[in-house]
There are 2 protein chains.
Amino acid sequence: MVTTKPTARDLRVANRAGVLRALYFGGDASRLELSQITSLSTATVTNVVAELLADGLVREAGSEESQGGRPRTMLTIAADAGYFIGIDLGENVIRIELFDLLLHPIVAQQVVDVDNLHQPQTVIERIVAGVAAVAQAAQLPLEGVIGAGIGVPGMVDHATDVTVFAPSIGWRNVPLLAELERQLPFPVFLDNGAKAMAQAEALLGAGQGVADLAAVLLGTGLGAGIITGNALFRGATNSAGEWGHMKVVLDGRQCRCGSAGCLEAYLGAHALLERWAALAAADVALNQAEEDGINHLVSAASAGDPAAQQVLDEATRYLSLGIANLINLFNPQRIILGGWAGLRLGPAILPDVRRLTREYALEPPFSAVTIDLCHFGQDAVALGAATLALEEFLTAGGKQRSLAMRTGGLVK
Amino acid sequence: MVTTKPTARDLRVANRAGVLRALYFGGDASRLELSQITSLSTATVTNVVAELLADGLVREAGSEESQGGRPRTMLTIAADAGYFIGIDLGENVIRIELFDLLLHPIVAQQVVDVDNLHQPQTVIERIVAGVAAVAQAAQLPLEGVIGAGIGVPGMVDHATDVTVFAPSIGWRNVPLLAELERQLPFPVFLDNGAKAMAQAEALLGAGQGVADLAAVLLGTGLGAGIITGNALFRGATNSAGEWGHMKVVLDGRQCRCGSAGCLEAYLGAHALLERWAALAAADVALNQAEEDGINHLVSAASAGDPAAQQVLDEATRYLSLGIANLINLFNPQRIILGGWAGLRLGPAILPDVRRLTREYALEPPFSAVTIDLCHFGQDAVALGAATLALEEFLTAGGKQRSLAMRTGGLVK
DNA sequence: AAGTCTTAATTCAAGGGTTGAATTAAGCGC
DNA sequence: GCGCTTAATTCAACCCTTGAATTAAGACTT
């Protein structure tokens with residue numbers, strides 16, 4: 001029940017984490033600067049940095065020009081002190097990517113195997129093989145991997161067992177994590193892909209330095225990841241942020257979730273293309289891959305096609321409504337628009353979205369928010385998945401926690 | 001930026017807080033039990049309890065029957081070790097209430113003065129006088145008051161200056177808190193009334209022991225307070241939780257907030273009575289006080305009036321939609337329905353609300369939630385306001401923080 | 001080129017906290 | 001009255017942070 005950290009040694013862990021975070025996100029700094037950032041004494045910074053140096057997580061990197069005093073020796077994260085793996089389990093492709101400690105990409109790999117992706121056993125095999133493949137391609141031993149994360153297109157319940165509820169790939173209560181942790185020699189973290197992506201943008205992308213934000217993803221389905229107080233907002237059972245199934249119309253269009261009137265039924269890629277087809281009285285919009293269809297839609301609208309323009313206009317209104325509701329409820333500092341469809345539609349509709357959102361939202365929370373496009377593209381989910389492991393690593397102050405300890409940590 | 005608590009003395013504060021909280025919310029316990037609950041060693045519990053005893057916050061309260069060993073001496077919160085004041089600044093009444101340390105009510109007072117409530121200066125005078133009055137009625141010196149809280153019908157920005165944005169009483173950027181703290185000899189906390197009430201229900205009412213919940217309030221306006229991780233969810237500028245202005249209809253009914261299609265425009269007391277009048281083709285529903293009107297509406301519906309039944313039916317659908325959206329977005333463990341109109345409508349519509357909410361929300365988050373009526377009635381906001389001060393008190397481990405320290409604490 | 005000045009980093013003793021083990025306290029039952 | 005059992009306290013060991021004092025490392029001056 002009580003979550004305090006009672007023993008004095010925990011202070012050190014927290015302070016290691018503070019110094020490590022400052023260096024990781026604040027960039028290179030001297031011990032003195034670190035002491036100011038973290039508000040620790042210089043004595044403590046010296047001690048903590050000594051540990052980090054000894055562990056190889058941090059390196060000295062020359063010294064700054066001095067103006068007549070001892071020059072500050074700069075400290076920097078040792079980017080090659082360890083590696084992370086990010087896995088994007090998509091609806092019809094698995095993307096596996098290897099990153100260095102600073103989450104710079106090293107090697108990426110794609111596994112395309114639409115037919116068997118619905119079978120967990122196949123997915124697990126593909127992932128284990130893919131992990132070995134990227135490590136080999138980078139000529140790195142798997143022991144150097146600090147941890148891996150997986151983003152999945154569905155809900156993950158962290159409380160009971162760690163399982164998955166992902167209708168779009170036909171999964172329900174699949175113990176993916178347990179199986180993978182048995183087969184891989186490093187800790188693995190599992191979460192919803194939209195949440196993973198939101199964390200990538202928050203830590204390294206369009207949300208850097210912002211403590212409270214929401215990333216909304218437009219694609220075949222809709223997703224969102226909400227960050228509050230610099231951390232993913234999960235709710236009681238880690239299914240918070242299901243923005244796509246916010247009801248926006250009573251007794252509205254049928255949604256694939258089984259209910260009706262969901263935002264996704266008006267703003268999902270399929271919904272937009274269907275609407276276009278209906279307005280244009282032609283099925284041409286539906287006779288192509290969704291991504292091509294959306295591209296087609298955007299260029300048709302900019303070319304003056306009135307039906308396409310109306311579809312975009314309606315999409316803008318629904319998107320603005322959905323964003324305004326997020327603003328009124330979560331009062332974030334930033335909204336980040338992403339997802340493959342969001343990236344394509346964004347440039348065309350963002351100004352109007354901003355204007356309408358101002359109309360729809362209350363003034364005080366609206367005036368605290370900015371609405372921007374995401375920074376990352378196709379590899380956002382894989383990167384975000386890697387940040388799941390990174391977060392744990394940083395919170396532990398750079399001490400790689402053993403599997404046993406992690407399991408213990410989950411117990412309340 | 002870094003929010004760690006570096007020095008060893010902070011450990012003690014955190015552990016004092018842990019023991020105090022365990023005793024406060026877990027009820028009387030022995031030192032041994034406390035050690036188990038807090039997972040501190042018995043040695044530390046002994047030390048911490050000794051401090052709390054010396055400070056008069058805790059008392060020994062006899063010993064339990066033993067089965068052949070040293071009996072455990074029970075510890076209990078000293079209810080008279082200090083007092084809290086809760087102030088409900090309503091739209092046309094001020095309610096001031098004095099509580100003991102356990103938030104049991106001692107004296108209450110109402111200040112009714114509709115005409116002048118729009119003038120901050122008058123409100124401040126009334127509050128200061130009312131505070132003195134309740135203290136005198138209870139024959140207690142103001143020095144015994146640990147802190148006071150104020151719930152206001154509007155938004156409070158904690159970041160800039162602590163000001164108020166409350167259109168319903170015509171306030172905008174009123175520095176209420178600064179003025180009151182100058183005139184009162186104890187710390188004062190200010191927040192939105194719905195947030196205050198949510199915290200009352202969370203700590204002491206229908207949400208006890210629940211870490212993630214949302215309290216929704218139906219009244220003249222709509223409000224909500226959201227608790228996540230046992231703490232009020234505030235967002236970036238403390239205006240999170242504006243549930244009443246969630247858009248539920250594009251281009252819908254005009255709302256008093258200036259926008260259109262807000263939930264409040266369909267579910268606020270005034271909206272319901274207007275709808276009734278329109279359906280019944282009679283203005284009778286509007287020619288009475290709102291509270292009487294809602295009472296009338298509920299009894300007419302239960303008596304079989306078809307227009308009234310339809311109004312309730314529509315209200316049920318919009319309320320369910322609003323709750324379902326909260327469930328999908330926040331994934332709470334409990335929804336608590338309150339507010340004066342919520343209390344009246346609740347018994348009549350709650351079963352249908354539960355049924356419809358299941359239809360509207362996604363299955364995983366819905367299956368994690370229960371929907372209940374609130375516990376507290378008229379004095380919920382005053383009690384909640386008092387909990388604002390209580391929370392600070394407990395977090396500080398029962399050390400009453402000075403004004404200077406509080407201000408310092410707000411600085412990042 | 002030596003000495004002085006300035007700023008950064010380290011060392012050190014003091015102070016505060018938690019903990020497990022050992023000890024003491026306090027009833028119960030025979 | 002004595003041993004048994006369980007609760008609470010005491011104590012020595014250990015860890016951590018901190019401010020002050022000290023050392024380190026260049027720049028500047030003469």
Side-chain angles (χ1 to χ4, degrees), chain A residues 2-20 22-23 28-54 58-76 396-397 399, chain B residues 2-20 22-23 28-54 58-76 396-397 399:
Chain A
V2 178
T3 345
T4 44
K5 296 159 187 170
T7 168
R9 204 184 262 113
D10 297 313
L11 280 184
R12 172 52 59 95
V13 173
N15 288 337
R16 269 182 69 129
V19 170
L20 202 55
L23 223 38
D28 297 2
S30 70
R31 290 172 176 80
L32 190 61
E33 290 163 339
L34 286 174
S35 131
Q36 289 155 0
I37 296 171
T38 61
S39 68
L40 293 168
S41 70
T42 60
T44 299
V45 171
T46 292
N47 290 332
V48 169
V49 166
E51 273 189 36
L52 294 173
L53 285 168
V58 164
R59 262 198 285 273
E60 298 197 332
S63 51
E64 279 217 319
E65 295 294 307
S66 112
Q67 318 249 33
R70 175 175 177 172
R72 315 176 169 187
T73 61
M74 299 303 285
L75 300 163
T76 190
K399 298 231 184 242
Chain B
V2 177
T3 345
T4 44
K5 294 161 187 168
T7 168
R9 203 182 264 114
D10 298 312
L11 280 184
R12 171 52 59 95
V13 173
N15 287 338
R16 267 184 69 130
V19 170
L20 202 56
L23 224 38
D28 299 359
S30 70
R31 288 172 177 80
L32 191 61
E33 288 164 338
L34 286 174
S35 132
Q36 290 155 358
I37 296 170
T38 61
S39 68
L40 293 168
S41 70
T42 59
T44 299
V45 171
T46 291
N47 290 332
V48 168
V49 167
E51 273 189 36
L52 294 173
L53 285 169
V58 163
R59 263 199 283 274
E60 299 198 328
S63 51
E64 279 216 320
E65 295 295 307
S66 111
Q67 319 249 35
R70 176 174 176 173
R72 316 176 168 187
T73 62
M74 299 304 283
L75 300 163
T76 189
K399 297 234 186 239

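The sequence lines fix the lettering, A, B, ..., with proteins before strands; numbering per chain opens at 1.
Between B/Thr73 and D/dA8, a side-chain N or O to OP1/OP2 separation shorter than 4.0 Å is present. When the side-chain nitrogen and oxygen atoms of A/Arg31 are compared with OP1 and OP2 of C/dT10, one or more of them lie within a distance under 4.0 Å. Contact between the side-chain N/O atoms of A/Ser41 and the OP1/OP2 oxygens of D/dT18 is found at a separation under 4.0 Å. Of the side-chain N and O atoms in A/Arg72, one or more sit less than 4.0 angstrom from OP1 or OP2 of C/dA8. In this structure, B/Arg12 reaches the C/dT18 phosphate: one of its side-chain N or O atoms is under 4.0 Å from OP1 or OP2.
We find the CD-CG distance between A/Glu33 and A/Asp28 to be 9.5 Å, quoted to the nearest 0.5 Å. Between A/Glu51 atom CD and A/Lys399 atom NZ the span is 5.5 Å, to the nearest 0.5 Å.
Inspection of the B/Thr42 and B/Arg31 side chains reveals no N or O donor paired with an N or O acceptor under 3.5 Å.
The stretch residues 42-50 of chain B comes close to DNA chain C through B/Ala43, B/Thr44, each having a heavy atom under 4.0 Å from the strand.
Taking atom CG of B/Asp10 as the reference point, atom P of C/dG15 lies 19 Å away to the nearest angstrom. Spacing between atom CD of A/Gln36 and atom C1' of C/dA8 amounts to 11 Å, rounded to whole angstrom units. Spacing between atom CG of A/Leu32 and atom C1' of C/dA8 amounts to 7 Å, rounded to whole angstrom units. Here the P atom of nucleotide C/dA8 and the CG atom of A/Leu34 are 13 Å apart, to the nearest Å. Atom-to-atom, CG of A/Leu40 to P of C/dA9 comes out at 15 Å; the value is rounded to the nearest Å. Between A/Glu51 atom CD and D/dT17 atom P there is a gap of 9 Å when expressed in whole angstrom units. We find that CZ of A/Arg16 is positioned 15 Å from C1' of D/dC15, with the value rounded to whole Å. Going from atom CG of A/Leu11 over to atom C1' of C/dG17 covers 9 Å, rounded to whole Å.
Toward the 5' end of DNA chain D, the nearer of the two residues B/Met74 and A/Pro71, judged by each one's closest nucleotide, is B/Met74.
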- request: Mind running side chain to side chain contact (heavy atoms under 4.5 Å, CB included) on A/Asp10 and A/Thr7 for me, showing each step along the way?
  value: CA-CA 6 Å; A/Asp10 297 313; A/Thr7 168; 2.6 Å; yes

task: Under the side chain to side chain contact (heavy atoms under 4.5 Å, CB included) rule, what do A/Glu60 and A/Leu75 come out as? Steps first, then yes or no, please.
output: CA-CA 5 Å; A/Glu60 298 197 332; A/Leu75 300 163; 3.8 Å; yes

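Applying the 3.5 Å distance criterion, the base of D/dA7 shares a donor-acceptor pair with the side chain of B/Arg70.
Between A/Thr76 and A/Ala61, the shortest heavy-atom distance links the atoms CG2-CB, 3.8 Å.
Side-chain contact between A/Thr38 and A/Asn15: absent, with no pair of heavy atoms (C-beta onward) separated by less than 4.5 Å.
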